[in-house]
Protein chains: 2
Amino acid sequence: MENSDDTEAGDRSSGSGQATSIHDVARMAGVSIASVSRALNSGTGSVSSATREKVFAAAKALNYRPNQVGRALRSQMTNTFALINSNIQNNFYAAVAWELERCLAAEKAALLVYTSNEEPETQDRCIEDLRARRVSGVFFLCAVDSPGLEVLIGNDPVVFINRRLEACPGFSFVGIDDFAAARAQVRSGVRRHLRDIAIIHGPTTSDTSARRLRGMLDAAKDAGVEVPQSMIHEARLSMESGYDCAGPILDHGAVDAVFCGNDQIAYGVYRRCLERGVRVPDDLRIYGFDDNPMNEWLAPWLNTVRVPHIDLARVAFEQMQVLLSSGEKREVILPYELIQRA
Amino acid sequence: MENSDDTEAGDRSSGSGQATSIHDVARMAGVSIASVSRALNSGTGSVSSATREKVFAAAKALNYRPNQVGRALRSQMTNTFALINSNIQNNFYAAVAWELERCLAAEKAALLVYTSNEEPETQDRCIEDLRARRVSGVFFLCAVDSPGLEVLIGNDPVVFINRRLEACPGFSFVGIDDFAAARAQVRSGVRRHLRDIAIIHGPTTSDTSARRLRGMLDAAKDAGVEVPQSMIHEARLSMESGYDCAGPILDHGAVDAVFCGNDQIAYGVYRRCLERGVRVPDDLRIYGFDDNPMNEWLAPWLNTVRVPHIDLARVAFEQMQVLLSSGEKREVILPYELIQRA
DNA sequence: ATCAGAACTGTAAACGTTTCCACAAGTCAA
DNA sequence: TTGACTTGTGGAAACGTTTACAGTTCTGAT
């Protein structure tokens with residue numbers, strides 16, 4: 001009774017297999033399970049202080065933790081969220097995921113992580129799974145269009161991060177003004193007298209990549225800089241693909257700068273330059289996009305656009321809270337920052 | 001009846017809020033929920049083919065997906081796993097997490113991701129949460145010692161990846177022979193006539209870091225290379241900490257090579273060198289540990305030990321399966337590879 | 001002393017499954 | 001025809017919660 005300092009005394013769960021349930025607590029406290037529930041969830045119903053104390057004592061002695069599965073079934077609320085990201089290899093996305101997990105943990109929510117690999121079928125398998133698990137909400141870190149997604153957004157709270165779904169405007173979204181950022185970046189390059197430029201953009205099926213491309217082209221046209229078709233390449237958002245596209249561009253010879261659809265592509269270009277003996281930044285400037293947190297340490301040669309990844313996650317989290325409470329959908333555009341390292 | 005091509009026809013769930021349950025299917029098929037369950041879970045009980053067809057038709061028409069929460073409550077099996085990693089910022093860990101997710105997805109299991117930040121209290125909060133959620137098993141990607149962990153390993157299936165828990169030997173573990181790898185690495189450096197060496201090791205509270213340090217010191221002694229105390233520093237496993245430790249070492253002057261406890265530390269050292277005008281690898285060789293997948297693209301100056309991260313995840317997954325079926329705990333030591341880039 | 005209302009408590013239903021059990025109907029051998 | 005066994009089926013219990021509801025006790029005002 002008084003030996004609350006004897007911590008493990010009543011923990012019959014350790015090793016015994018069966019975890020302790022609300023019934024065990026009720027029995028030990030000599031009250032009904034309803035009272036236990038009421039005492040523990042301070043919100044609902046009223047409990048006498050005597051009961052509350054008995055329940056607390058029993059719960060502590062038994063080391064009771066409510067079974068979230070039972071709770072979820074009853075309350076129809078799993079308090080579990082899903083994050084589908086297109087490519088967890090990208091450190092930038094990992095950083096967003098990390099912050100998102102922090103935000104959720106503060107609310108005692110948990111995060112299921114899925115990877116779509118930019119493949120609609122894989123994404124649909126993820127969606128299938130997360131719907132069966134009745135998650136409370138879904139975050140997309142760069143969604144692709146897929147049949148399952150269309151159904152999902154009709155039924156469940158969804159927040160898009162960093163990439164809109166072009167087919168479905170008006171959904172909750174957090175990102176930057178990619179068009180303006182890309183335009184500003186190229187303009188800044190032109191102002192540095194880089195005039196023979198190449199562009200390796202991401203897939204135009206991605207709304208974000210498409211906007212970035214338009215911004216780049218717009219700035220070039222404005223500045224009277226002509227970018228020949230042969231210097232514009234479409235890549236997947238990977239280092240390998242950047243590497244591949246860099247080949248023909250370097251073959252071409254006269255090129256001052258390469259503007260890439262994201263940092264991953266830029267890394268691929270960098271490696272190709274190294275292999276070719278092209279000095280970066282002396283012979284060639286490389287511009288990326290996103291500002292992967294590693295850049296500061298590993299890529300002093302990289303100019304890029306900083307997308308505020310921490311804020312991206314925090315705002316996405318807030319968006320989700322808004323969505324859950326009021327159902328209101330919003331687009332939030334965060335400020336970007338031009339990072340000129342070389 | 002025959003309009004199975006009219007896909008969304010019967011999906012009354014879209015937008016209506018309430019998802020369809022087994023009762024809906026039973027009603028539509030004109031059978032009991034027990035029969036629906038039996039028909040859908042082909043394993044248990046026997047069903048007539050007539051019933052099976054009716055159930056399949058109804059399930060398809062209603063777009064029924066079993067509620068995993070109900071199923072978990074009944075079967076006491078969530079088919080959800082947790083991964084606690086110490087630092088998702090580290091790309092190496094992210095890569096392991098990614099592969100683990102792939103393995104689990106193939107088994108229709110899902111992965112809850114938590115981050116401990118190497119803090120025992122944070123780790124215990126994660127453990128608390130995942131236990132309440134009744135996960136089927138837990139993967140640790142670099143665990144720290146904590147009270148909650150001691151309880152966890154007594155009750156739940158746990159696989160340790162990359163770092164043992166020194167206090168509790170005999171648990172399922174996947175990793176490399178850190179002592180041997182570190183020794184081989186230093187020996188290879190000595191063979192290149194690097195004799196003025198510095199060491200920045202990880203926290204010796206980490207079993208892995210401790211083994212690596214011992215391996216380094218052992219090889220140095222063997223080779224007759226003396227490493228003065230002032231050239232041995234303990235860092236946290238972060239870039240910032242590597243950066244900090246590099247300062248005094250570079251101040252010291254005569255140093256050929258720095259051996260680091262992991263790649264993150266090495267990145268910090270690299271940046272400090274850049275700022276100091278120390279040329280890498282011409283003036284100084286840097287050795288890391290893990291071989292972050294980005295290295296190939298961004299760190300051609302880095303020598304390191306490749307820990308097979310894909311295999312790490314796959315074997316961890318297998319270990320978990322073994323643990324769940326037979327309860328057998330094993331240590332699996334994977335081969336490492338010395339990567340000499342510069 | 002009576003009664004209204006507040007405060008507290010327990011019973012039971014519900015959430016969506018799986019599975020035990022009992023029962024019905026069919027098959028087959030004696 | 002009977003009995004034994006197989007096959008298929010539905011009812012009901014169980015998993016661990018929360019909460020509506022009804023019942024009991026207590027308080028305080030009439």
Side-chain angles (χ1 to χ4, degrees), chain A residues 13 17-56 58-59 62-80 108 129 131-136, chain B residues 12-13 17-56 58-59 62-80 108 131-136:
Chain A
S13 89
Q18 269 300 335
T20 94
S21 85
I22 199 172
H23 291 94
D24 303 316
V25 180
R27 197 174 320 117
M28 181 165 184
V31 299
S32 73
I33 60 165
S35 290
V36 175
S37 180
R38 278 188 291 253
L40 261 26
N41 308 352
S42 40
T44 52
S46 49
V47 224
S48 73
S49 54
T51 305
R52 188 187 313 276
E53 269 179 45
K54 278 188 297 184
V55 169
F56 272 63
L62 295 170
N63 193 27
Y64 170 69
R65 297 288 179 278
N67 180 331
Q68 293 300 130
V69 179
R71 187 201 283 267
L73 181 59
R74 165 64 215 220
S75 58
Q76 303 288 75
M77 257 284 287
T78 56
N79 210 22
T80 305
K108 300 209 155 301
D129 188 81
R131 295 197 76 196
R133 297 189 127 85
R134 300 295 191 271
V135 299
S136 299
Chain B
R12 65 162 197 71
S13 89
Q18 270 300 334
T20 96
S21 86
I22 200 173
H23 290 93
D24 303 317
V25 180
R27 199 174 317 118
M28 182 164 185
V31 298
S32 72
I33 60 165
S35 291
V36 175
S37 180
R38 277 188 294 254
L40 262 24
N41 307 353
S42 39
T44 52
S46 50
V47 227
S48 71
S49 54
T51 305
R52 189 188 311 278
E53 269 179 46
K54 278 188 295 183
V55 169
F56 272 62
L62 295 170
N63 192 27
Y64 170 68
R65 296 288 178 279
N67 181 331
Q68 294 299 130
V69 179
R71 186 201 284 266
L73 180 57
R74 166 63 215 224
S75 58
Q76 303 288 74
M77 256 284 287
T78 56
N79 209 23
T80 305
K108 300 211 155 299
R131 294 197 77 196
R133 297 190 128 86
R134 300 294 190 272
V135 298
S136 299

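Treat the numbers as computed from the prediction; the structure is a model and nothing was measured.
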[X] versus [Y], closest heavy-atom pair with distance:
X       : Y       : value
B:Ser35 : B:Val47 : O-CG1, 4.3 Å
A:Val36 : A:Val31 : CG2-CG2, 3.8 Å
B:Ala29 : B:Lys54 : O-CD, 3.6 Å

Please classify the nucleic acid contact of A:Val69 as base, sugar-phosphate, or nothing, using heavy-atom distances under 4.0 Å. nothing

For A:Ser48, answer base if it contacts any base atom (sugar-phosphate contacts may also be present), sugar-phosphate if it contacts only those atoms, and nothing otherwise; contact means non-hydrogen atoms under 4.0 Å. sugar-phosphate

Could you tell me how far apart [X] ([atom1]) and [N] ([atom2]) are, to the nearest whole angstrom?
X       : N      : atom1 : atom2 : value
B:Ile22 : D:dG10 : CD1   : P     : 12 Å
B:Lys54 : D:dT9  : NZ    : C1'   : 10 Å
B:Leu73 : D:dA13 : CG    : P     : 17 Å
B:His23 : D:dG10 : NE2   : C1'   : 12 Å
A:Met77 : D:dT17 : CE    : P     : 17 Å

Relative to the 5' end of DNA chain C, which residue comes earlier, A:Arg134 or A:Ile33, by the nucleotide with the nearest heavy atom? A:Ile33

Atom [atom1] of [X] and atom [atom2] of [Y]: how far apart are they, to the nearest 0.5 Å?
X       : Y       : atom1 : atom2 : value
B:Gln76 : B:Leu73 : CD    : CG    : 6.5 Å
A:Arg52 : A:Leu40 : CZ    : CG    : 9.5 Å
B:Asn79 : B:Gln68 : CG    : CD    : 7.5 Å

Look at the side chain of A:Asn67 and the backbone N and O of B:Arg134, then say whether any donor-acceptor pair between them is shorter than 3.5 Å. no

Of A:Asn67 and B:Val31, the one whose closest DNA chain D nucleotide lies more 5': B:Val31

Return whichever of B:Arg38 or A:Arg74 has its heavy-atom-nearest nucleotide of DNA chain D closer to the 5' end. B:Arg38

Going 5' to 3' along DNA chain C, between which two nucleotides do contacts with chain B fall, using a heavy-atom cut-off of 4.0 Å? C:dG16 to C:dC20

Side-chain N or O of [X] versus OP1/OP2 of [N]: is the shortest distance under 4.0 Å?
X       : N      : value
A:Ser75 : D:dT18 : no
B:Thr51 : D:dT9  : yes
A:Ser37 : D:dT18 : yes
A:Arg71 : D:dT18 : yes

Does any donor atom in the side chain of A:Arg133 or B:Thr80 lie under 3.5 Å from an acceptor atom in the other side chain? yes

Step by step, would you call A:Met28 with A:Val25 a side chain to side chain contact (heavy atoms under 4.5 Å, CB included)? CA-CA 5 Å; A:Met28 181 165 184; A:Val25 180; 5.9 Å; no

Terminal axes of the helix from C:dA1-D:dT30 to C:dA30-D:dT1 (five pairs each): angle between them, nearest 10 degrees: 60°

